[in-house]
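Scroll down for the structure; my scribbles are underneath it.
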Amino acid sequence: MVTSGESRVEYDDETVIIHENEAFMIEGIRPHVVWNNADGTTTMIGITITPE
């Protein structure tokens with residue numbers, strides 16, 4: 001979840017841009033990278049969900 005700025009998530013051959021006040025979900029076991037996609041600071045909240 002991006003609270004300010006903009007981030008870029010890359011996985012497989014996909015690239016997803018996450019704008020301010022947007023969220024993106026990906027399985028943690030899936031290889032991926034997250035980058036700051038803004039000229040300034042980007043602030044994000046990461047949430048981990050563990051299966052029961």
Side-chain angles (χ1 to χ4, degrees):
M1 181 181 311
V2 175
T3 59
S4 67
E6 182 179 275
S7 68
R8 182 177 78 243
V9 179
E10 298 176 358
Y11 64 97
D12 300 331
D13 291 330
E14 302 285 330
T15 299
V16 178
I17 304 300
I18 308 167
H19 301 98
E20 188 171 320
N21 298 319
E22 292 183 345
F24 179 76
M25 181 182 254
I26 188 167
E27 294 176 282
I29 61 172
R30 189 177 204 170
H32 62 283
V33 294
V34 181
W35 300 98
N36 180 4
N37 203 52
D39 291 332
T41 301
T42 293
T43 305
M44 298 179 63
I45 298 173
I47 300 170
T48 301
I49 301 171
T50 54
E52 295 182 28

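Starting from 1, each residue takes its place in the sequence as its number. Everything numeric here is computed off the predicted structure, so don't read it as measured data.
For the atom pair CD1 (Ile18) and CG (Asn37), the distance works out to 9.5 Å, reported to the nearest 0.5 Å. To the nearest 0.5 Å, atoms CE (Met44) and OG1 (Thr3) are separated by 9.0 Å. Separation of atoms CD1 (Ile17) and CH2 (Trp35) is listed at 13.0 Å; rounding is to 0.5 Å. To the nearest 0.5 Å, the span separating CD on Glu10 from OG1 on Thr15 amounts to 4.5 Å.
Annotation: salt bridge (Lys or Arg N to Asp or Glu O under 4.0 Å) contacts of Glu22 (sequence neighbours excluded): none. Evaluation of the salt bridge (Lys or Arg N to Asp or Glu O under 4.0 Å) rule for Asp12 yields Arg30 as partners, not counting sequence neighbours.
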Show the numbers, then the answer: is there a side chain to side chain contact (heavy atoms under 4.5 Å, CB included) between Val2 and Phe24? CA-CA 9 Å; Val2 175; Phe24 179 76; over 6 Å; no
Should Val9 and Val33 be marked as a side chain to side chain contact (heavy atoms under 4.5 Å, CB included) after you check the CA-CA gap, both sets of side-chain angles, and the distance that decides it? CA-CA 6 Å; Val9 179; Val33 294; over 6 Å; no
Run the side chain to side chain contact (heavy atoms under 4.5 Å, CB included) test on Met25 and Ile49 for me, step by step, so that the C-alpha distance in whole Å, both residues' side-chain angles and the decisive distance to 0.1 Å come before the verdict. CA-CA 10 Å; Met25 181 182 254; Ile49 301 171; 3.7 Å; yes
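With 3.5 Å as the limit, one finds a donor-acceptor pair spanning the side chains of Ser4 and Thr43.
Here the closest non-hydrogen pair linking His19 and Glu6 is CD2-OE1, 2.8 Å. Thr42 approaches Gly5 most closely through the heavy-atom pair OG1-CA, 3.7 Å.
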